[in-house]
Q: 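Before I ask anything, here is the structure I am working with.
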Amino acid sequence: MTRVAVFPGSFDPITNAHLDVIRRAAAVFDRLVIGVLGNPRKTPLFSVDERVALIVAEVTDLGPSVVVESFDGLTVEFAKRHQAGFVVRGLRAISDFEAELQMAHTNRRLAPGIDTVFLMTGLEFGYVSSSLAKEVAAFGGDVSPMVPPGVEAALQRERSV
Ligand code: PNS
C-alpha cells in the first residue's frame, strides 16, 4: 500500500521549521505532496509561483517522492486529488495545538477518510515562523537561523525593492 500525504500551508516563505517537518514526513510517507495555498487570507509577500520555487529548490535532494504544487480551495479536496489519506501538519509548541486541532476536526468532518498527522519540529525551530522571519528581514536583521539561504536571499531582494 502506498502511503500518500499532503502538507498544506501558506509557506510565505518556507522556513527551517517547515523544512524540518518535510524531512520528517518524507521519512514516514511514500509520497509527500507539499501544497502551497494560492490565496491565503493574508496578502502574501511572495507570489504563489515564487513560494513554490523557493520550496522546490530546498526539497530536490529528497528525491521524486516529494513534490510541490500550488492549490486553491479546500485542503481535503487537494488531498483527494492526490489520493492522499493523510494531511501533515507541524507542531512547534503547545500553542500551535489548539488551532491545529480545530483544523484537523474540520477536515475530518469534511473528509472522514483523511487523517491529520502531526509531526513535532525539532526544539531549535520552536520559535520560527514565516511572519517573524519576514519582520526580522524587513528591518535588516539576521534570519539565517530561521530560513534556508535561498529564502534569505529572496527576503533581501524584497527589502531592496
Ligand atoms: O501555513 P498556514 O497558513 O498555517 O496554513 C493554513 C492552511 C493553508 C493549511 C489552511 O488555512 C487551509 O487548509 N486552507 C485551505 C482552506 C481549507 O481547507 N479550510 C478548511 C480547513 S481549516
Side-chain angles (χ1 to χ4, degrees), residues 3-26 28-29 31-59 62 66-138 143 145-148 150-152 154-155 158:
R3 290 193 182 277
V4 184
V6 295
F7 178 28
S10 311
F11 301 108
D12 184 43
I14 187 147
T15 66
N16 289 336
H18 292 129
L19 285 170
D20 185 53
V21 173
I22 289 168
R23 285 176 199 285
R24 289 171 197 280
V28 174
F29 296 100
R31 183 173 161 80
L32 180 69
V33 186
I34 302 164
V36 181
L37 186 65
N39 300 310
R41 264 186 237 130
K42 285 174 273 171
T43 309
L45 177 64
F46 295 102
S47 73
V48 66
D49 290 342
E50 287 171 317
R51 285 178 278 143
V52 167
L54 288 170
I55 302 171
V56 167
E58 299 303 327
V59 301
L62 294 174
V66 177
V67 296
V68 190
E69 262 188 31
S70 61
F71 77 102
D72 285 305
L74 292 174
T75 284
V76 291
E77 296 303 326
F78 177 65
K80 284 179 195 168
R81 282 201 293 282
H82 286 280
Q83 278 99 46
F86 306 92
V87 173
V88 168
R89 292 288 289 170
L91 293 176
R92 292 163 299 188
I94 195 77
S95 50
D96 283 337
F97 188 69
E98 203 168 312
E100 291 298 334
L101 187 67
Q102 203 176 10
M103 238 193 282
H105 279 304
T106 305
N107 284 335
R108 180 176 281 169
R109 279 263 158 179
L110 292 167
I114 297 175
D115 255 310
T116 298
V117 174
F118 294 120
L119 294 173
M120 281 182 297
T121 59
L123 253 187
E124 65 272 40
F125 305 119
Y127 73 100
V128 174
S129 73
S130 299
S131 43
L132 273 185
K134 284 184 282 192
E135 185 171 311
V136 172
V143 289
M146 302 168 98
V147 296
V151 172
E152 191 181 354
L155 285 167
E158 281 298 318

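Atoms within each ligand, like the ligands themselves, are counted from 1 in listed order. Starting from 1, each residue takes its place in the sequence as its number.
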Q: Quick check: Arg89 and ligand 1, any N/O pair under 3.5 Å apart?
A: yes
Q: Give me the residue, atom name and distance of the protein heavy atom closest to atom 14 (N) of ligand 1.
A: Leu37 CD2, 3.9 Å
Q: What protein heavy atom lies closest to atom 2 (P) of ligand 1? Include the residue and the distance to one decimal.
A: Ser10 OG, 3.5 Å
Q: If the cut-off is 4.0 Å to any non-hydrogen atom of Met103, which atoms of ligand 1 fall inside it?
A: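 So the atoms of ligand 1 that pass are 10 (C), 22 (S).
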Q: Under 3.5 Å, is there a donor-acceptor pair between the Glu69 and His82 side chains?
A: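 Glu69 vs His82: donor-acceptor pair found between side chains.
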Q: Please report the shortest heavy-atom distance between Gly90 and Asp96, naming the atom on each side.
A: O-OD2, 4.4 Å
Q: Is there any N or O on Thr75 that sits under 3.5 Å from an N or O of ligand 1?
A: yes
Q: Do you know the tightest heavy-atom contact between Phe118 and Leu101?
A: CZ-N, 4.4 Å
Q: Less than 4.0 Å between a side-chain N and a carboxylate O, is that true for Asp12 and Lys134?
A: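 So Lys134 pairs with Asp12 through a salt bridge.
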Q: Can you report which non-hydrogen protein atom sits closest to atom 21 (C) of ligand 1, along with the distance?
A: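 Atom 21 (C) of ligand 1 sits closest to the protein heavy atom Asn107 OD1, 3.3 Å.
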Q: Does the N or O separation between Thr106 and ligand 1 drop below 3.5 Å for any pair?
A: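 By distance alone, the answer is no.
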Q: Taking 4.0 angstrom as the limit and counting only heavy atoms of Gly73, give me the atoms of ligand 1 inside it, by number and element.
A: 15 (C), 16 (C)
Q: Could you tell me which non-hydrogen atom of Val66 sits nearest to which non-hydrogen atom of Ala26, and how far apart they are?
A: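 Val66 and Ala26 have their closest heavy atoms at CG2-CB, 3.9 Å.
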Q: How far is atom 19 (N) of ligand 1 from its nearest protein heavy atom, and which residue and atom is that?
A: Leu74 CD2, 3.9 Å
Q: Please say which of Arg108, Arg89, Arg3 ends up in a salt bridge (Lys or Arg N to Asp or Glu O under 4.0 Å) with Asp115.
A: Arg108
Q: So, for Ser70 and Val48, which heavy atoms are closest and what is the spacing to 0.1 Å?
A: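 Closest heavy-atom pair between Ser70 and Val48: CB-CG2, 3.5 Å.
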